[in-house]
Amino acid sequence: MNGPFDFALALGDDALIAAQRLGDWTSRAPEMEEDVALTNIALDQLGAARLLLTYAGELEGAGRDEDALAYLRDDREFRNCLLVELPNGDFAVTVAKLFFLSAYQLPLYAALAGCGDERLAAIGAKARKESAYHLDHASLWVRRLGDGTAESHRRMQAAVDQVWPYVHELFAPFPGAPVDPTTLRAAFDAAVDPVLAEATLARPADGWAPAGGRDGLHTEHLSYLLTEMQVLHRAHPGAQW
Amino acid sequence: MYGNDFPAPDDAPGGGLLGEVAAAEAALREAAARRRGRAPDPDTDLEAYFADVIDADQKIEPRDWMPEAYRKTLIRQIAQHAHSEIIGMQPEGNWISRAPSLKRKAILLAKVQDEAGHGLYLYAAAETLGISRDELVRLLLDGRQKYSSIFNYPTLTWADVGVIGWLVDGAAIVNQVPLCRCSYGPYARAMIRVCKEESFHQRQGYEILHVLAHGTPDQKAMAQDAVDRWWYPSLAMFGPPDGDSTHSAQSMAWKIKRFSNDELRQRFVDMCVQQAEILGLTLPDPALRWNDERQAYDYTQPDYDELMRVIKGQGPCNRQRMEHRRHAHADGAWVREAATAYAANQAEKKEKVAA
């Protein structure tokens with residue numbers, strides 16, 4: 001196992017799969033302003049994914065570029081966390097996913113910005129600013145939906161309950177990585193707990209903690225996502241686009 | 001500018017038209033400078049004053065008096081344009097999930113996002129005429145206002161994304177560049193901004209096609225097939241021939257419109273011929289040839305009966321596009337209600353703190 005390569009690949013896959021899911025909201029968002037915002041966040045995630053996958057390819061030294069890594073691996077070779085591959089669900093589920101993901105990515109990228117690997121530090125420095133905006137945006141919606149109408153409260157609580165178990169995987173130890181994910185949990189809790197409280201939402205109890213994404217053991221959803229994402233690229237082997 | 005991370009090919013289209021946008025922008029600034037300190041007296045004949053402003057190529061602004069028919073025409077046109085941007089997100093959005101490289105995915109996401117932005121900007125321009133965005137959205141969803149018929153055609157392959165950029169955005173720009181000089185100020189200003197972004201989109205679409213046309217035989221065939229399917233619908237975007245156009249004469253007199261449908265269509269054809277040659281793709285018109293006398297290309301007219309059928313709802317995707325929009329709107333209702341309720345809660349809390 002090559003720590004920096006595996007880590008860059010895992011973070012790149014997180015961002016790529018998150019972008020793919022968010023991109024599905026384009027032209028479907030609850031209001032036009034939100035169409036712009038969700039597409040913007042998808043673009044940020046995709047931008048980070050491209051930088052991370054390109055760097056992962058260089059670390060690997062086998063001649064794979066961002067597209068070879070994105071389009072020519074099967075689901076067992078993807079290293080993203082399970083959280084990002086979960087289906088979009090309703091808007092509340094998407095908000096819950098984005099809220100937890102950005103509350104993890106913000107301290108992660110901040111720590112990366114100070115790590116010894118220059119390239120990862122530069123990527124972290126760029127991405128942390130974007131994550132801060134994602135967290136702000138998601139937090140605003142958690143509060144609006146949690147403390148909005150009875151219907152939105154019910155949906156937001158259900159979404160938090162549904163997504164919460166997938167949070168634990170984010171903070172599992174990652175041997176050889178330049179940042180130890182276990183150290184990010186405190187910052188995550190500090191970002192999440194007050195927003196949930198303000199939104200009049202209950203923080204779910206810890207218990208079931210599905211994992212396996214970092215080892216290539218995914219949910220059944222990922223294979224479908226990849227099939228759609230990769231279909232055109234794979235239909236024309238070796239073609240330029 | 002997001003996603004525009006490749007150099008422009010030297011033969012990229014759009015240069016001349018962008019110059020016209022810049023000229024319109026300068027003219028708009030000059031008109032604004034001339035206008036200063038020139039308000040009508042209370043006993044001025046408003047109708048005559050309005051006619052003077054139009055004659056002098058000055059701009060009508062939201063606070064100015066205007067004939068009711070002028071207001072209605074503008075609302076209809078700007079709203080139709082805004083609806084087109086919003087519905088137009090669908091055919092291209094159809095390929096976001098399957099874009100064949102990460103770079104193309106980023107460019108496409110950014111483009112569709114720009115369209116949402118244009119829609120918002122245009123709805124805001126329409127709102128200066130005294131109608132709300134909610135009302136306009138309702139008119140669209142009820143089928144009482146239209147959007148551009150071109151979006152009722154399906155995007156069947158990746159090459160369609162390129163052709164939409166090249167031909168559809170290209171036709172839109174030819175249509176919209178003269179609108180940068182429209183007599184209604186907010187619309188003219190909106191059009192200047194929109195045209196600048198559209199010209200990026202057109203270049204990106206052209207670039208997609210250029211790569212396909214110079215790629216594998218399958219890719220080239222894909223590009224030609226897309227051009228074959230989109231050429232005539234793109235020509236139809238300029239509307240019915242001048243003799244059959246119902247709104248044109250009055251709009252020309254009001255300086256909302258500056259050129260006739262057929263003039264703009266000709267301009268578009270003349271622009272595309274050379275670009276198609278550079279791409280190495282064939283425009284599907286055996287009658288296409290240079291006419292030395294007219295100093296323009298002769299070409300085959302699109303099927304206007306087909307255009308009328310599509311306008312009336314019989315296009316391949318009319319129902320699908322509207323259903324998609326209605327679905328998104330209905331699915332989002334609980335979210336919008338929550339946002340409104342939350343804002344009210346917060347305002348109430350603030351009042352309590354203040355008291």
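Since this is a predicted model, take the numbers as computed values, not measurements. Residue numbers start from 1 in every chain, and the chains themselves are labelled A, B, ... in the order their sequence lines are given, proteins ahead of strands.
If you measure heavy-atom distances from A:Asp147 to chain B, the contacts under 4.5 Å come from both the backbone and the side chain. Looking at A:Val36, both its backbone and its side chain come within 4.5 Å of chain B, counting heavy atoms on both sides. Contact of A:Ala92 with chain B is made through backbone and side chain together, with heavy-atom distances under 4.5 Å. With a 4.5 Å cut-off on non-hydrogen atoms, B:Leu109 touches chain A through its backbone and its side chain both. Only the side chain of A:Tyr71 comes within contact range of chain B, with at least one heavy atom under 4.5 Å from a heavy atom of that chain. With a 4.5 Å cut-off on non-hydrogen atoms, A:Glu34 does not touch chain B at all. In this structure, chain B has a heavy atom under 4.5 Å from the side chain of A:Leu53, while its backbone stays farther away. Heavy-atom distances place the side chain of B:Val112, and not its backbone, under 4.5 Å from chain A. Contact annotation for B:Leu212: only side-chain heavy atoms (C-beta onward) come within less than 4.5 Å of a heavy atom of chain A.
Looking at heavy atoms from C-beta onward, B:Trp95 lies in side-chain contact with A:Leu232 at the 4.5 angstrom threshold. A heavy-atom distance below 4.5 Å is found between the side chains of B:Val137 and A:Met32. A 4.5 Å side-chain heavy-atom check between A:Arg28 and B:His324 finds at least one atom pair inside the cut-off. Residues B:Val335 and A:Trp141 meet the side-chain proximity criterion, which asks for heavy atoms closer than 4.5 Å.
Ion pairing between a basic and an acidic side chain is recognised when a charged N comes within 4.0 Å of a carboxylate O; A:Glu66 and B:Lys105 show no such pairing.
Annotation: maximal heavy-atom pairing with chain B below 4.5 Å, among A:Gly148, A:Gly23, A:Pro30, occurs at A:Pro30. Note on A:Ser27, A:Gly47, A:Ala19: by heavy-atom pairs under 4.5 Å with chain B, the leading option is A:Ser27. Contacts with chain B were tallied for A:Arg21, A:Arg155, A:His153; A:Arg155 has the most, counting heavy-atom pairs under 4.5 Å.
Within a 6.0 Å radius of CZ in A:Arg234, other residues, nucleotides and ligands contribute more than 12 heavy atoms.
There is a side-chain donor-acceptor pair under 3.5 Å between A:Glu228 and B:Ser97. Using a 3.5 Å distance cut-off with no hydrogens or angles, the side chains of A:His233 and B:Ser101 do not pair a donor with an acceptor.
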